[in-house]
Amino acid sequence: MLVLTLSVSIPGMKPPECSTASAEDCEKASVLQLAVFFGALYRLAIGMGGTKPNISTIGADQFDEWDSKEKIQKISFFNWWMFSIFFGTLFANTILAYVQDNVGWAWGYGLPTLGLALSISVFLLGTPFYRHKLPTGSPFLMMARVIVASFRKAKAPMPSDPTCFHEQPSLEYERKGTFPIPSTQSLRFLDRASIKTGTIGQWNVCTTTEVEETKQMLNMLPILCITFVPSAMIAQVNTLFVKQGTTLNARIVGNFSIPPASLSAFGTVSFLVSIFIYDRVFVKITHKLTGNPRGITLLQRMGIGLIFYIIVMTVASFTERY
């Protein structure tokens with residue numbers, strides 16, 4: 001962000017101001033200027049790839065699964081984590097977009113750069129107080145061991161006696177701050193990986209918990225594939241919808257007009273309102289009806305969300321056609 005701010009602030013790092021009406025007559029950016037600008041954008045993408053997937057995980061680690069109060073708080077944590085993200089998005093789509101269009105890009109990039117510097121300071125100050133879960137190895141290696149072990153014992157008969165399956169004592173899991181996962185009926189073929197056959201070794205026998213963790217990961221693959229489509233639709237809000245906004249008469253009063261990038265703020269506001277209503281109203285009402293601490297299951301929540309996506313894109317399609 002610092003390089004990005006400098007690339008639009010230092011005269012030698014950006015093309016000169018263009019006063020002509022035609023953009024074709026303006027001096028183009030040099031190769032070096034483009035390299036610095038896009039290099040900063042690519043480094044931003046790498047930085048986001050390192051933070052976004054881990055923020056929610058580290059946040060969830062701060063709640064004790066064995067504490068009944070903290071377990072309930074953990075359910076709400078993800079809702080309010082998303083709330084904070086959309087609150088920042090609302091600031092970016094309104095205040096920052098207006099600053100960039102009317103004050104300048106140096107301030108438009110400088111303000112979030114200062115915000116990130118403050119965020120790093122808060123993060124470092126809080127690090128000693130975080131709960132740290134020690135790494136337990138690669139989950140992909142564990143999945144590979146389960147799959148290999150199950151194929152090696154593909155012809156072995158499936159026993160009905162639970163003692164024939166390998167599992168660690170419960171005290172071993174408590175020592176690590178985790179808990180064993182009982183066997184389920186899904187993907188039963190993988191259960192062969194935990195059958196005790198006399199042959200020892202990580203690639204020959206796995207615990208029932210490792211098998212169930214592998215099942216959970218594999219069962220997530222259909223959900224992963226399904227979410228590609230909503231992700232592509234959400235991307236339109238920040239691309240196609242913004243380009244459509246440039247064709248609108250965005251003037252509200254006098255010389256004040258809404259920047260095209262700020263039009264996505266309507267979606268952000270709806271996110272903030274719906275998260276508040278969901279967590280504080282919907283969950284409490286449905287919890288009394290279903291007995292589920294979440295109100296409804298995660299799969300039901302996703303299914304309803306996908307139905308809303310269909311309705312929204314249908315309306316958008318007819319509007320675009322009109």
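Note that the coordinates shown come from a computational prediction; the quantities given were computed from them, not determined experimentally.
- Using cut-offs of 30° and 60° on the angle between ring planes, the pair Phe86 and Phe271 is parallel.
- Judged purely by distance below 3.5 Å, without hydrogens or angles, the side chains of Thr113 and Thr5 pair a donor atom with an acceptor atom.
- For Thr247 (side chain) and Gln244 (main-chain N/O), a donor-acceptor pair under 3.5 Å exists by modelled atom type.
- Ring geometry, Trp105 versus Tyr109: the interplanar angle falls from 30° to 60°, so the pair is classed tilted.
- Formation of a donor-acceptor pair under 3.5 Å by the Asp67 side chain with backbone atoms of Phe63 is not found in this model.
- In this structure, Lys153 contributes its side chain and Ala193 its backbone to a donor-acceptor pair below 3.5 Å.
- Environment of CH2 in Trp107: sparse, with no more than 12 heavy atoms of neighbouring residues, nucleotides or ligands closer than 6.0 Å.
- Around atom CZ of Phe38, no more than 12 heavy atoms belonging to other residues, nucleotides or ligands sit under 6.0 Å away.
- At least one donor-acceptor pair under 3.5 Å links the side chain of Asn219 to the backbone N or O of Lys215.
- Under a 3.5 Å cut-off, the side chain of Lys196 and the backbone N or O of Cys164 do not form any donor-acceptor pair.
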(Q) Evaluate Glu70 against Gln62 for side chain to side chain donor-acceptor pair (under 3.5 Å), listing each step before the verdict. (A) CA-CA 9 Å; Glu70 290 193 20; Gln62 307 312 305; over 6 Å; no

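- Of the possible polar contacts, none joining the Ser317 side chain to the Met313 backbone as a donor-acceptor pair under 3.5 Å is found.
- Dense packing is recorded around CE of Met1, with more than 12 heavy atoms of other residues, nucleotides or ligands lying under 6.0 Å away.
- Around CZ of Phe276, the count of heavy atoms belonging to other residues, nucleotides or ligands within 6.0 Å does not exceed 12.
- When all heavy atoms of Phe78 and Ala60 are compared, the pair lying nearest together is CZ-CB, 3.8 Å.
- Note: Phe83 and Phe87 have parallel aromatic rings, judged against thresholds of 30 and 60 degrees for the angle between ring planes.
- Side-chain atoms of Gln33 come within 3.5 Å of backbone N or O of Ser30 as a donor-acceptor pair.
- With Gln168 contributing its side chain and Tyr173 its backbone, the two residues share no donor-acceptor pair below 3.5 Å.
- Side-chain atoms of His132 come within 3.5 Å of backbone atoms of Thr127 as a donor-acceptor pair (strictly under, hydrogens ignored).
- Side-chain contact check for Ser194 and Glu210: no donor-acceptor pair (N or O, by modelled atom type) lies under 3.5 Å.
- With hydrogens and angles disregarded, a donor-acceptor distance shorter than 3.5 Å links the side chain of Thr290 to the backbone of Gly295.
- Between Val205 and Ile195, the shortest heavy-atom contact is CG2-O, 3.9 Å.
- In summary, the side chains of Ser262 and Asn93 do not present any donor paired with an acceptor at a separation below 3.5 Å, with no hydrogens or angles considered.
- Linking ILVMFWY side-chain heavy atoms closer than 4.5 Å, directly or via other members, places Met302 and Leu224 in two distinct hydrophobic clusters.
- Using a 4.5 Å heavy-atom threshold, the side chains of Leu4 and Leu41 count as touching.
- Two different hydrophobic clusters hold Phe91 and Val122 under the rule that ILVMFWY side chains link at heavy-atom gaps under 4.5 Å.
- Within a 6.0 Å sphere centred on CZ of Arg131, other residues, nucleotides and ligands contribute more than 12 heavy atoms.
- Closest heavy-atom contact between Phe77 and Ser56: CE2-O, 3.7 Å.
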